[in-house]
Amino acid sequence: WKVDDTLTAYARATYGYAQTEQDTTYLQIIPANVSYAPIGSTGLYQPVIGRIATRFWYETNPEKADLATFQVGGDKTLGGWTLSPSLFYSFGDNDRPDHVEISARNDQYSSANFPYGAGTVMSYGADHLPYPMLTPAMNAQLNSVATLYARRSGQLTKSYSGQEKGGAKFDARYDFEDGALRSLQFGVKYSDAHREFTNRDWTTAKYTDGRSFGSLGLIDGGYSSVFPGVYGYDVPTIDQAALKRLIAANVTDANLDTCSNLYINNWNCNTQRARETVSAAYAMASFKWGDLEVIPGLRFEHTDIRNTFWSTPRDAGTEQPGHFARNFTHYDEPLPSLFVNYRDGDNAVYRGSIWTSYTRPAFVQLGGGSQVSVSADGLTTITEGNPNLKPIKSLNFDLSGEWGNQHGGHAMAALFYKSLSNYIYESGSNPVNAGTTDAGSIQYVRPQNGGDGKVYGVETALRQKFQ
């Protein structure tokens with residue numbers, strides 16, 4: 001909205017929603033009771049597969065995600081000044097509200113089925129694909145999921161993750177009419193974010209009456225071949241609505257087994273809440289001497305993070321009722337930068353930059369759920385997140401050139417290098433470089449920062465417009 005020649009205002013809003021359904025069916029051939037036998041006097045060993053288990057497993061992976069953003073602001077010019085205030089708010093969710101799974105197996109009650117004795121299950125054909133070496137009885141069972149023993153009524157998992165974020169920012173720029181200094185720009189920004197994650201899991205009791213998987217009434221069709229022309233095993237399709245009804249009819253409060261034994265711990269152990277506030281300010285200038293432009297800048301960010309998580313204590317190995325605990329983290333990071341551009345006529349530009357950046361650790365690393373265990377000899381072991389983790393810092397170097405011609409051609413080549421410090425190694429949400437610290441009779445197991453790293457590479461692009 002152009003109010004007048006010196007003032008414009010805007011209001012923007014976006015919303016996106018995605019719903020994903022993914023169902024997976026597995027036919028499984030599992031070597032079991034594996035031992036290892038010496039190969040003569042070579043000092044080497046080879047596996048000996050005691051038996052083969054044939055199994056079936058079905059699971060869903062539903063996801064519901066949405067994201068909404070809102071922003072209002074404006075631009076006001078006063079002489080050489082341009083003032084740009086704005087307010088923003090957003091919310092988003094990423095949920096798996098009803099993940100279900102169920103399985104069946106031939107060895108539900110006995111481990112004596114399908115003895116084997118060989119050292120491998122697979123051989124390779126002329127098409128270089130693996131083929132299972134099974135007896136006729138094993139193949140027949142793998143091809144008859146309905147006659148496998150039903151394991152249980154199923155498993156249900158509910159996961160919810162959401163965030164709200166709001167804030168304000170103000171930017172100001174002053175443009176000079178002459179001289180090498182072309183502009184000065186500075187600004188401030190404040191944001192406040194609230195995040196919450198919850199995951200709960202229910203596993204129904206195992207069947208003990210010998211019922212078959214087919215008797216559950218879940219099979220509503222099938223695929224005649226899992227890999228037409230290669231693997232001729234047929235696999236059933238599952239009536240998902242019937243599976244959800246089966247779970248609902250059999251699940252109890254006692255089936256809640258998220259990560260502990262006591263109900264209160266299972267209900268809360270995978271719940272985490274966090275509040276993150278970020279205050280930032282920056283200043284930058286633009287200098288120009290002929291075809292050379294130099295832009296130095298400095299940004300400073302102050303971050304406060306407050307985590308709430310569940311702590312589960314143990315006394316001599318016995319689980320105790322837990323409670324919510326909290327920790328606090330803050331970061332103060334100056335981020336200088338320098339950008340240089342050189343334009344060689346109308347068809348070439350060269351760019352170089354040195355700038356700094358950082359990445360804050362994930363909330364689960366700062367304030368993951370706490371497990372407290374006291375051994376019989378009095379040693380207390382606390383496994384938890386680490387609010388003292390340092391952010392991953394990066395010193396970045398970029399050098400690039402772009403060239404064009406009068407016939408629609410464009411070429412670009414770039415080099416980049418990043419020097420990383422305080423790197424945090426992880427596997428999913430679990431740090432693999434957890435460190436142990438002893439403090440008297442208390443032992444802490446927490447994620448730790450790793451060493452240094454580097455990332456470098458080359459990027460090129462070519463484009464030609466044809467007339």
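The shown structure was predicted, so the numbers you read here are calculated from the model rather than taken from an experiment.
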Look at the side chain of [X] and the backbone N and O of [Y], then say whether any donor-acceptor pair between them is shorter than 3.5 Å.
X	Y	value
T356	P336	yes
R152	T204	yes
S153	N250	no
H99	T60	yes
N405	G409	yes
Q365	P447	no
N307	R326	no
N327	L366	yes

For this session: Go through V251 and L156 one step at a time and tell me if the side chain to side chain contact (heavy atoms under 4.5 Å, CB included) criterion holds.
Result: CA-CA 9 Å; V251 71; L156 170 67; 5.8 Å; no

Which class fits the ring pair [X] and [Y]: parallel under 30°, tilted 30 to 60°, perpendicular over 60°?
X	Y	answer
Y89	F91	tilted
W310	H323	tilted
Y17	Y15	parallel
H302	H330	tilted

How long is the span from the [atom1] atom in [X] to the [atom2] atom in [Y], to the nearest 0.5 Å?
X	Y	atom1	atom2	value
L27	Y231	CG	OH	12.5 Å
C269	I264	SG	CD1	11.0 Å
L292	Y342	CG	OH	8.0 Å
L262	L256	CG	CG	11.0 Å
S353	L338	OG	CG	8.5 Å
T277	D304	OG1	CG	4.0 Å

For this session: Show the numbers, then the answer: is there a side-chain hydrogen bond (donor to acceptor under 3.5 Å, both in side chains) between Y10 and D75?
Result: CA-CA 9 Å; Y10 60 86; D75 297 297; 6.0 Å; no

For this session: Evaluate side chain to side chain contact (heavy atoms under 4.5 Å, CB included) for D23 paired with Y58, printing each intermediate quantity in order.
Result: CA-CA 7 Å; D23 306 329; Y58 170 83; 3.6 Å; yes

For this session: Begin with the C-alpha distance, continue with both residues' side-chain angles, and end with the deciding distance and a verdict on salt bridge (Lys or Arg N to Asp or Glu O under 4.0 Å) for K393 and E333.
Result: CA-CA 9 Å; K393 296 183 179 181; E333 298 297 331; 3.4 Å; yes

For this session: Scan for salt bridge (Lys or Arg N to Asp or Glu O under 4.0 Å) pairs involving residues 87-103, sequence neighbours excluded, and state none if there are none.
Result: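 The answer is D98-K244.
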
Exercise. Are K189 and F88 in a cation-pi contact, defined as NZ or CZ under 6.0 Å from the six-membered ring centre and within 45° of the axis?
Worked result: yes

Problem set entry | Minimum side-chain heavy-atom gap N61-T24 below 4.5 Å | no

Exercise. Is it the case that D201 and T203 place a side-chain donor and acceptor less than 3.5 Å from each other?
Worked result: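 Present: a donor and an acceptor within the cut-off.
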
Exercise. Can you tell me if Y358 and E301 form a side-chain donor-acceptor pair at under 3.5 Å?
Worked result: yes

Problem set entry | Electrostatic pair R351:E402 at N-O distance under 4.0 angstrom | yes

Exercise. Going by an N to O cut-off under 4.0 Å, is there a salt bridge joining D175 and R173?
Worked result: yes

For this session: Inspect the surroundings of CG in D332 and state if more than 12 heavy atoms from other residues, nucleotides or ligands are less than 6.0 Å away.
Result: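 Correct, the count exceeds 12.
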
Exercise. NZ of K76: more than 12 outside heavy atoms within 6.0 angstrom?
Worked result: yes

Problem set entry | L87 versus A168, closest heavy-atom pair with distance |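 Answer, listing the atom of L87 first, then A168: CD2-CB, 3.4 Å.
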
For this session: Evaluate the criterion side chain to side chain contact (heavy atoms under 4.5 Å, CB included) for residue pair L415 and F397; output intermediate values, then yes/no.
Result: CA-CA 8 Å; L415 303 174; F397 302 86; over 6 Å; no

Problem set entry | side-chain contact (heavy atoms from CB on, under 4.5 Å) partners of Q28, counting only residues at least two apart | Y26, I30, R55, W57

Sequence neighbours left out, cut at 3.5 Å: what donor-acceptor pairs do the side chains of residues 193-200 make with other protein atoms?
unit_1 : atom_1 : unit_2 : atom_2 : d
H194   : NE2    : D192   : OD1    : 3.4
R195   : NE     : Q163   : OE1    : 2.1
R195   : NH2    : Q163   : OE1    : 3.2
R195   : NH2    : E276   : OE1    : 3.4
N199   : OD1    : N270   : ND2    : 3.4
N199   : ND2    : S159   : OG     : 2.5
R200   : NE     : W267   : O      : 2.7
R200   : NH2    : W267   : O      : 3.2

